[in-house]
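Worth knowing before you read on, the calculation uses all heavy atoms, side chains too, and leaves out hydrogens, waters and symmetry mates.
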Amino acid sequence: MYSTKLKNNRYIVRCIRMAENTKVVRFIIDTGAQYSCANYSLIDDTMKEEDCYGCDTKIIRGVIEGDSVRLYKYRLKQFTIGNINMGEQDIWVTFDRRVTDTVLGMDILKQIIMITNPYNQQVYFCKDSDDYNSGFELLTI
């Protein structure tokens, strides 16, 4: 199990991403985002846009002041949320310098158990039901 606290009205998680090298990246949890995305420099700073021309592409409109942004699907060798290893994952990267937020969207979040607690302003992540059952206890009165 992994948890993080609400800060400045955002839940930020530290994730380890493994592409050509290993790096810790801070992602904003966004349950309203369909896709996890980041600026290419946070994923692989040696990547060039030409390297992605054969990849799946999406153009998402209205991201920055109504403008559209081009995203490329990029396969990570490993992605870890806190201490939860998610294995290989796809993330969407952009070369648009206006994109500064690194978003953890529902494409990855739907693969884990996520519990928010409004009383202590924390969100908890569990890999599976065993992880959940060992971390939480259902209280009955």
Tell me which donor-acceptor pairs under 3.5 Å the side chains of residues 118-129 have, and how far apart each pair is, sequence neighbours excluded?
from, atom 1, to, atom 2, distance (Å)
N120, OD1, Q122, N, 3.1
N120, ND2, Y124, OH, 2.8
Q121, NE2, P118, O, 2.6
Q122, NE2, S3, OG, 3.1
K127, NZ, N85, O, 3.4
D128, OD1, D130, N, 3.3
D128, OD1, D131, N, 2.9

Residues 22-38 side chain polar contacts: donor-acceptor under 3.5 Å, at least two apart:
from, atom 1, to, atom 2, distance (Å)
D30, OD1, G32, N, 2.9
D30, OD1, A33, N, 3.3
Y35, OH, K58, NZ, 3.3
S36, OG, G105, N, 2.9
S36, OG, D107, OD1, 2.8

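In this structure, OG1 in T4 is found 11.5 Å from CD1 in I81, a value given to the nearest 0.5 Å. Rounding to the nearest 0.5 angstrom, the gap separating the CD1 atom in I112 from the CE atom in M86 is 5.5 Å. Taken from CE in M47 to OH in Y72, the straight-line distance is 11.0 Å, to the nearest 0.5 Å. Put simply, CG on L6 and CG on N117 are 11.5 Å apart, with the number rounded to the nearest 0.5 Å. L76 contributes atom CG, which lies 10.5 Å from atom SG of C15 (distance to the nearest 0.5 angstrom). Taking CG from L71 and CZ from F95, the interatomic distance works out to 10.5 Å, rounded to the nearest 0.5 Å.
A chain of hydrophobic side-chain contacts below 4.5 Å, direct or via other Ile, Leu, Val, Met, Phe, Trp or Tyr residues, connects Y11 to L104. Clustering ILVMFWY residues whenever any of their side-chain heavy atoms sit less than 4.5 angstrom apart, transitively, puts I91 in the very cluster that holds L109. Hydrophobic cluster membership differs between Y132 and M114, with clusters built from Ile, Leu, Val, Met, Phe, Trp and Tyr side chains linked at under 4.5 angstrom. Connection of I108 to W92 is not established within any shared hydrophobic cluster, with ILVMFWY side chains joined at heavy-atom distances below 4.5 Å, either directly or through further cluster members.
Under a 3.5 Å cut-off, the side chain of N39 and the backbone N or O of S41 do form a donor-acceptor pair.
Counting all heavy atoms, side chain and backbone alike, Q89 lies closest to F79 at CG-CB, 3.8 Å.
For the residue pair E49 and Y40, no side-chain donor N or O sits within less than 3.5 Å of a side-chain acceptor on the partner.
For T46, the side chain to side chain donor-acceptor pair (under 3.5 Å) partners are D44, not counting sequence neighbours. For E50, the side-chain contact (heavy atoms from CB on, under 4.5 Å) criterion is met by K48, Y53, not counting sequence neighbours. Applying the side chain to side chain donor-acceptor pair (under 3.5 Å) test to R98 and every residue at least two apart in sequence or in another chain returns D67, D96. With sequence neighbours excluded, the residues forming a salt bridge (charged side-chain N to carboxylate O under 4.0 Å, His left out) with R75 are E88, D90, listed by chain and number.
Annotation: side chain of V13 is in contact with side chain of Y2 (closest heavy-atom distance under 4.5 Å).
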